[in-house]
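Bear in mind the structure is a predicted one, so any value in this text is a computation, not a measurement.
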Amino acid sequence: MELISVIIPTHYRPERLAKAVKSVQKQTWSNLEIIVVSDGYDEGTNKFISSVSKKDKRIKYYSYEQSKGGNYARNIGIKKSTANYIAFLDDDDVWYPTKLEEQMKLMTIENVGLVGCGIRVIHTSKNVSYRTIFKERGDCSAKILKTNLIGSTSCALIRREALDKCGVFDETMPARQDYDLWIRICQKYNVDFVESVQLDYYVYDEKGKGQQISKNLRRYLKAHKILTSKYDSLYKQLGPNEQRKVKACQFLDIARRAVEVGDRKTAKKYGKKSWRVKHTKAALYYLCFSWIPYNLLVRLKSAIS
């Protein structure tokens, strides 16, 4: 049984971290090193890890005084890891027991560098959830330029070789660091996915310090500009029609994020931009129906799934 390094960045949330760690300990794939990296010193986290690591010697703990961001913590975890396979788990997400076992079955396929899985998105304050299964596999070097077809860091199992060749998380990115890494990996490796939900991804409607970075539209827009410039050479390799599809999809991503944070004006703006590039039903929706409250959309999606 191959060793897998599980990297869990955490930031002042020992109660949620406890659930994340427990979900790793329950994995049917038991040959693990569990690397917890505290992004900033926290006494509660220290006490929890001190207690749990006495019972489970697979747990390794690292921390530093000043917070430097989740991707700095993930990169520290990568440096400290020793396995040929690496998985990431955010401290507020939870894996299903068979996640790593099912993903490792697909790592035997030639040139697969990353394996994803199905996700159950849980909106805690709304008491609703829905399932998302990313169904792209094989060569996704062009498709990944349109949108993040892999999902969050918590769903990915990555071959270490892929990180060695493609690089780690870009700590200068204001947001979308996971998507940035997926783009690079997809240029050199195939991807695959487990055709079942193996991850509970929690969305907390929090304000201030604990707010999830993905909800910060300003950072999201800045990240979009950086990615557009960073991978300009890849976009230019596509044909004219594919370039239009990529641009239209990218504008739709921004419109979706704007709807999530309640910025209807921006949602309509980027829905219009997408429509001008390529006439699609999705673009028409954001152009005409961006006024629909996000809470209602989540409940509708939950009912459909």
Side-chain angles (χ1 to χ4, degrees), residues 1-10 16-39 49 52 56 58-62 70-109 112-120 132-134 137 148-169 177-182 184-186 189-202:
M1 181 180 283
E2 287 269 9
L3 177 67
I4 300 176
S5 296
V6 178
I7 298 170
I8 308 175
T10 187
R16 296 178 189 173
L17 174 63
K19 294 180 180 179
V21 170
K22 188 174 182 180
S23 76
V24 177
Q25 291 175 313
K26 288 184 174 181
Q27 289 295 300
T28 55
W29 192 279
S30 59
N31 191 19
L32 308 171
E33 62 173 3
I34 306 169
I35 301 172
V36 179
V37 183
S38 181
D39 180 40
I49 293 296
V52 73
D56 190 341
R58 298 176 300 175
I59 296 175
K60 302 176 182 179
Y61 179 57
Y62 303 93
N71 287 287
Y72 180 87
R74 291 185 183 95
N75 286 342
I76 289 291
I78 293 170
K79 291 176 183 177
K80 300 295 184 180
S81 65
T82 62
N84 290 325
Y85 300 91
I86 297 175
F88 301 94
L89 177 61
D90 289 350
D91 63 359
D92 55 354
D93 294 334
V94 172
W95 284 345
Y96 291 15
T98 59
K99 177 187 180 288
L100 294 179
E101 180 180 1
E102 293 300 318
Q103 289 182 309
M104 282 298 288
K105 292 177 183 177
L106 298 175
M107 276 295 184
T108 60
I109 300 174
V112 167
L114 183 153
V115 177
C117 68
I119 303 171
R120 183 167 72 119
T132 299
I133 306 291
F134 296 89
R137 55 169 37 115
N148 184 355
L149 52 82
I150 292 167
S152 77
T153 52
S154 293
C155 76
L157 174 67
I158 304 172
R159 196 181 298 275
R160 185 184 198 88
E161 171 192 305
L163 293 173
D164 291 340
K165 290 185 178 180
C166 304
V168 294
F169 293 96
Q177 298 96 333
D178 52 353
Y179 180 42
D180 171 58
L181 179 56
W182 306 160
R184 283 181 271 131
I185 290 176
C186 284
Y189 293 88
N190 291 342
V191 302
D192 212 323
F193 69 96
V194 176
E195 298 181 21
S196 61
V197 171
Q198 297 288 336
L199 165 70
D200 281 346
Y201 177 90
Y202 288 89

Discussion item. Counting C-beta onward and ignoring hydrogens, is there a side-chain heavy-atom pair between L163 and I86 closer than 4.5 Å?
Written reply: yes
Worksheet item: Are side-chain heavy atoms of M107 and V112 found at a separation under 4.5 Å?
Response: yes
Item to complete: Heavy atoms only: give me the nearest V191-C186 pair and the separation to one decimal.
Response: CG1-SG, 3.8 Å
Worksheet, complete the sentence: Closest heavy-atom pair, R159 versus I109, reported as atoms and distance to 0.1 Å, is NH2-O, 4.3 Å
Item to complete: Answer yes if the side chains of R120 and Y201 hold a donor-acceptor pair under 3.5 Å, and no otherwise.
Response: no
Discussion item. Between Q25 and S23, does the side chain to side chain donor-acceptor pair (under 3.5 Å) criterion hold? Intermediate values first, please.
Written reply: CA-CA 5 Å; Q25 291 175 313; S23 76; over 6 Å; no
Discussion item. For E102 and S196, which I'm curious about, is there any donor-acceptor pair between the side chains at under 3.5 Å?
Written reply: no
Discussion item. Ignoring hydrogens, what is the shortest heavy-atom contact between E33 and A83? Give both atom names and the distance.
Written reply: OE2-N, 3.8 Å
Discussion item. Is there a side-chain contact between Y202 and R16 in this structure, where contact means two heavy atoms from C-beta onward sitting under 4.5 Å apart?
Written reply: no
Worksheet item: Under the side-chain contact (heavy atoms from CB on, under 4.5 Å) criterion, do L181 and V168 qualify, and how do the steps go?
Response: CA-CA 7 Å; L181 179 56; V168 294; 5.9 Å; no
Worksheet entry | Atom pair CG (L100) and CG (L32), whose distance is rounded to the nearest 0.5 Å | 6.0 Å
Fill in: Separation of I7 CD1 from S81 OG (nearest 0.5 Å)
5.0 Å
Worksheet item: With a 4.5 Å heavy-atom cut-off, do L3 and N84 have their side chains touching?
Response: no
Discussion item. Any non-hydrogen side-chain atom of W182 less than 4.5 Å from a side-chain atom of L114?
Written reply: yes
Fill in: Residue pair P9 / D90, side-chain heavy-atom distance below 4.5 Å
yes
Worksheet item: Looking at NZ of K26 and OG1 of T98, how far apart are the two atoms once the value is rounded to the nearest 0.5 Å?
Response: 13.0 Å
Discussion item. The test is side-chain contact (heavy atoms from CB on, under 4.5 Å); show your working for F88 and F169 and say whether it passes.
Written reply: CA-CA 12 Å; F88 301 94; F169 293 96; 3.6 Å; yes
Worksheet item: Can you check whether C166's main-chain N or O pairs, donor with acceptor, with R184's side chain at less than 3.5 Å?
Response: yes
Practice prompt. Give a yes or no answer on whether the side chain of D93 reaches the backbone of S154 with a donor-acceptor pair at less than 3.5 Å.
Written response: no
Practice prompt. Report the C-alpha separation of L199 and V94 in whole Å, then their side-chain angles, then the decisive distance to 0.1 Å, and conclude whether the side-chain contact (heavy atoms from CB on, under 4.5 Å) test is met.
Written response: CA-CA 6 Å; L199 165 70; V94 172; 6.0 Å; no
Fill in: Polar side-chain atom of R160 near backbone of S5 as donor-acceptor pair, under 3.5 Å
no
Practice prompt. Kindly determine whether R137 and D192 satisfy salt bridge (charged side-chain N to carboxylate O under 4.0 Å, His left out), including the steps that lead there.
Written response: CA-CA 5 Å; R137 55 169 37 115; D192 212 323; 2.8 Å; yes
Discussion item. Nearest 0.5 Å, please: how far is CG in L149 from CZ in F193?
Written reply: 10.5 Å
Response to the item:
Residues G77 and I35: closest non-hydrogen pair is O-CD1, 3.8 Å
Discussion item. The criterion is ring-ring contact (aromatic ring centres under 6.0 Å, His included); which residues satisfy it with Y72, sequence neighbours excluded?
Written reply: Y64
Fill in: Close side-chain approach of I158 to Y85, heavy-atom, < 4.5 Å
no
Response to the item:
Looking only at heavy atoms, the pair that brings A162 and G113 closest together is CB-O, 4.2 Å
Practice prompt. Measure the CG-NZ distance between L157 and K99 for me, rounded to the nearest 0.5 Å.
Written response: 6.0 Å
Worksheet entry | Stepwise side chain to side chain donor-acceptor pair (under 3.5 Å) check, D200 with Y96 | CA-CA 8 Å; D200 281 346; Y96 291 15; 2.7 Å; yes
Worksheet item: Once you round to the nearest 0.5 Å, how far does CD of Q27 lie from CD of Q103?
Response: 8.5 Å
Item to complete: Apply the test side chain to side chain donor-acceptor pair (under 3.5 Å) to residues E161 and Y189: give CA-CA distance (whole Å), side-chain angles for both, the deciding distance (0.1 Å), then the verdict.
Response: CA-CA 10 Å; E161 171 192 305; Y189 293 88; 2.7 Å; yes
Discussion item. For D39 and R74: C-alpha separation, side-chain torsions, deciding distance, then whether salt bridge (charged side-chain N to carboxylate O under 4.0 Å, His left out) applies.
Written reply: CA-CA 9 Å; D39 180 40; R74 291 185 183 95; over 6 Å; no
Worksheet entry | Shortest non-hydrogen contact from I133 toward G118 | CD1-CA, 3.4 Å
Worksheet item: For K22, does its backbone N or O pair with a side-chain atom of W95 as donor and acceptor, under 3.5 Å?
Response: no
Item to complete: Please assess V24 against I8 for the test side-chain contact (heavy atoms from CB on, under 4.5 Å), listing each intermediate value before the final yes or no.
Response: CA-CA 10 Å; V24 177; I8 308 175; 4.1 Å; yes
